[in-house]
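Bear in mind the structure is a predicted one, so any value in this text is a computation, not a measurement.
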Amino acid sequence: MGEETPLRPFLPVHEEVRRLFQELIHQPWGGHGSSAHSDWQPRVDMCETSEAIIVEVELPGVRREDVRIEVEGDTLRITGERRVTSERQERNYYRVERSHGRFARQLRLPGTVAREAIRAEFDAGILTITLPKRERR
């Protein structure tokens, strides 16, 4: 039998603390990523330029038609699904690290976003959402 390290039972707790800390650092406007209706969460980068807020979402293996973007109030909601191929279902795997199924991410938007001018592009597995800032008067 293999020898178990003394910290092994704490690894899931460590991973959850690390994830929560990362969300705290990388989501300055708050929001939450998890949902009772999601099987996995895509990684998200959110940055700001002088003209816009830019959100980049990693969605490799997800088809454009399986992604939905909604803005409701001050919340940007990105939902969709990465489907399992029939070829994948017929195989016996030794290791599975890639997630499939439904996903959902929600990010709170700052009040400076011009919601009527939001643009989205989907290229090479990256969804880029550009949220232009309102002009200051």
Side-chain angles (χ1 to χ4, degrees):
M1 279 198 176
E3 192 173 307
E4 188 170 310
T5 61
L7 297 177
R8 187 166 205 95
F10 299 103
L11 288 177
V13 173
H14 171 74
E15 286 299 313
E16 182 65 11
V17 169
R18 188 185 66 72
R19 184 190 65 76
L20 290 171
F21 183 72
Q22 289 296 319
E23 282 188 11
L24 177 68
I25 296 298
H26 297 292
Q27 290 188 9
W29 295 294
H32 61 283
S34 61
S35 168
H37 301 293
S38 65
D39 298 325
W40 64 284
Q41 291 183 25
R43 299 200 182 259
V44 173
D45 290 340
M46 188 172 184
C47 65
E48 181 175 13
T49 68
S50 59
E51 296 88 30
I53 304 293
I54 301 169
V55 178
E56 295 176 318
V57 187
E58 285 185 346
L59 295 172
V62 177
R63 297 181 309 197
R64 177 184 306 228
E65 58 268 17
D66 291 334
V67 178
R68 183 178 174 99
I69 302 167
E70 300 172 296
V71 176
E72 187 174 308
D74 67 347
T75 302
L76 170 66
R77 184 174 297 116
I78 306 157
T79 57
E81 183 175 7
R82 182 184 294 148
R83 300 180 188 277
V84 178
T85 64
S86 59
E87 179 181 278
R88 183 178 172 101
Q89 291 173 338
E90 296 171 1
R91 296 178 177 170
N92 294 321
Y93 281 84
Y94 292 106
R95 184 177 194 97
V96 176
E97 295 183 359
R98 295 179 297 152
S99 299
H100 291 81
R102 294 182 297 181
F103 64 86
R105 289 301 304 256
Q106 294 184 61
L107 301 167
R108 192 170 58 206
L109 300 173
T112 58
V113 170
R115 285 158 175 75
E116 65 281 353
I118 294 172
R119 296 184 321 273
E121 299 175 18
F122 194 68
D123 185 43
I126 304 292
L127 171 64
T128 303
I129 305 168
T130 304
L131 306 127
K133 293 180 181 179
R134 284 193 199 124
E135 290 184 27
R136 293 185 184 191
R137 295 175 193 214

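Separating the CD1 atom in Ile78 from the CD atom in Gln41 is a distance of 11.0 Å, to the nearest 0.5 Å. Taken to the nearest 0.5 Å, the CZ atom of Arg102 stands 15.0 Å off from the CZ atom of Arg82.
For Glu70, the side-chain contact (heavy atoms from CB on, under 4.5 Å) partners two or more places apart in sequence, or in a different chain, are Arg68, Arg77.
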Kindly list each side-chain donor-acceptor pair under 3.5 angstrom involving residues 50-64, sequence neighbours excluded, with atom names and distances?
| residue | atom | partner | partner atom | Å |
| --- | --- | --- | --- | --- |
| Arg63 | NE | Glu65 | OE2 | 3.4 |
| Arg63 | NE | Asp66 | OD2 | 3.1 |
| Arg63 | NH2 | Asp66 | OD2 | 3.1 |
| Arg64 | NH2 | Phe122 | O | 3.0 |

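Looking at heavy atoms from C-beta onward, Leu127 lies in side-chain contact with Ile69 at the 4.5 angstrom threshold.
Applying the salt bridge (charged side-chain N to carboxylate O under 4.0 Å, His left out) definition to pairs two or more places apart or across chains, none involves residues 109-122.
Smallest separation of non-hydrogen atoms from Lys133 and Glu48: NZ-OE2, 2.6 Å. Contact between Ser99 and Trp40 at its shortest, heavy atoms only, is CB-CB, 3.4 Å. Taking each heavy atom of Gly73 and Val71 in turn, the nearest pair found is O-CG1, 4.0 Å.
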